[in-house]
Q: 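I have a structure I would like to understand better, so I am pasting it below and will then ask my questions one at a time.
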Amino acid sequence: MTHRRRKRLIAGNWKMHGLRADLAEVGESARGLRDRQDRLSASGVTAALCVPFTLISAAAEAIRETPLAIGGQDCHPEPSGAHTGDVSAEMLADAGASMVILGHSERRRDHRETNAIIRAKLAAARRAGLLAIVCVGETEPERDAGAAVQVVSRQLRESLDDNVDASNTVVAYEPVWAIGTGRTPTAAQIAEMHGALRALLKDRFDEEGEKVRILYGGSMKPENARMILAVDDVDGGLIGGASLKAESFLAIVDAAL
Ligand code: PGA
């Protein structure tokens, strides 16, 4: 099976950006995707925007009858309870999200999320019927020390549980030093990491591990999307800055079609 047989996913990560006025960009992205409906269907490419909690309901309204999906950026492991300020996977689904980013390096850093916490959140996402996008990635010192594959492999092993399948989980490799910096790894570096992650997935999940998609994330933009998407075992992208504007988001989707 070649990576083309895995359907590409282009997911935007708005992070802590977006007021209601910015829903216009969601609407524009959604309309742009509707205009591409035939090519999206033919290629099997799907696209999503993971917006702040406060915008999920309104964004879900704005994308109705279009091919765009809406996601969240985190969830609590429990379905409900005394956890002030937290949001559960069930709440995300209820608001209209169909996926959720888990274990982003900014959450690992800002909220000290461990692999064990991310694994618990992954089970929550599955319980609520959300597609989980589980993020892994090394820091620059880790890469300089020659430990990138080892660090990322460990994150993947410990962040996933045994109930992962291709319909409930996507992996995103995001080198921390490439996020928001304009720097990207070489095609060879991406291929090495995605190949290592693919081998781990196959080892653990057998044939299913061949089907689980592995996205690349970190300074992906219209100018480099085609190059990155052409790398073996790259099954889409997780896009930060370039997903905030419909024009650049749609240009990246076009590179995946
Ligand atoms: P970036 O962010 O595209 O702005 O580098 C990617 C991410 O953090 O998901």
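As the structure lists them, so they are numbered: ligands from 1, and atoms in each ligand from 1.
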Q: Look at Glu207 together with Lys202 and state whether they make a salt bridge at an N to O cut-off of under 4.0 Å.
A: no
Q: Does Ala242 come within less than 4.0 angstrom of ligand 1, counting non-hydrogen atoms of the residue?
A: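 No, that is not the case, since the closest heavy atom of the residue is not under 4.0 Å from the ligand.
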Q: Provide the closest heavy-atom pair for Ala242 versus Ser248 in the form atom of the first, atom of the second, distance.
A: O-OG, 2.9 Å
Q: If we only count N/O pairs under 3.5 Å, is Ile179 in contact with ligand 1?
A: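 It does not: no N or O of Ile179 is found under 3.5 Å from an N or O of ligand 1.
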Q: Would you check whether Gly217 reaches within less than 4.0 Å of ligand 1, judged by its heavy atoms?
A: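 In this structure, Gly217 fails to qualify as a contact of ligand 1 - no heavy atom is under 4.0 Å.
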Q: Check this for me - ligand 1, Gly241, N or O atoms closer than 3.5 angstrom, yes or no?
A: yes
Q: Quick one: which of Arg198, Lys211, Arg213 gives a side chain to side chain donor-acceptor pair (under 3.5 Å) with Asp235?
A: Arg198
Q: Give the residue and atom name of whichever protein heavy atom lies nearest to atom 7 (C) of ligand 1, and the separation in Å to one decimal.
A: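 Checking every protein heavy atom, the shortest distance to atom 7 (C) of ligand 1 gives Glu174 OE2, 3.1 Å.
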Q: Where's the contact between Cys135 and ligand 1, heavy-atom distance under 4.0 Å: side chain, backbone, both or neither?
A: neither
Q: Considering non-hydrogen atoms only, spot the tightest contact between Ser105 and Val176 and give its length.
A: CB-CG2, 3.7 Å
Q: Looking only at protein heavy atoms, identify the closest one to atom 3 (O) of ligand 1 and say how far it is in Å.
A: Gly240 N, 2.8 Å
Q: Which of the numbered atoms in ligand 1 are below 4.0 angstrom from a heavy atom of Ala178?
A: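 Heavy-atom distances to Ala178 below 4.0 Å select 5 (O).
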Q: What are the atoms of ligand 1, with element, lying closer than 4.0 Å to any heavy atom of His104?
A: 7 (C), 8 (O), 9 (O)
Q: Does Arg119 come within less than 4.0 Å of Glu158, counting only side-chain N to carboxylate O?
A: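 Looking at Glu158 together with Arg119, the answer is no, because their closest N to O distance does not fall below 4.0 Å.
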Q: Please confirm whether Lys221 comes under 4.0 Å of ligand 1, counting heavy atoms of the residue only.
A: no
Q: Decide side chain to side chain donor-acceptor pair (under 3.5 Å) for Glu138 and Trp177; before the verdict, give the C-alpha distance in whole Å, the side-chain angles of both, and the deciding distance to 0.1 Å.
A: CA-CA 8 Å; Glu138 83 285 1; Trp177 49 274; 2.9 Å; yes
Q: How are the rings of His194 and Tyr216 set relative to one another: parallel (under 30°), tilted (30 to 60°) or perpendicular (over 60°)?
A: tilted
Q: Are any of the N/O atoms in Thr181 less than 3.5 Å from those in ligand 1?
A: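 Looking only at distances, the answer is no, because the N/O contact criterion of under 3.5 Å is not met.
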Q: Ion pair present between Arg183 and Glu140, side-chain N to carboxylate O less than 4.0 angstrom?
A: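 Judged by the 4.0 Å cut-off on N to carboxylate O distance, Arg183 and Glu140 do form a salt bridge.
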Q: Short list, please: which atoms of ligand 1 are under 4.0 Å from a heavy atom of Gly218?
A: 5 (O)
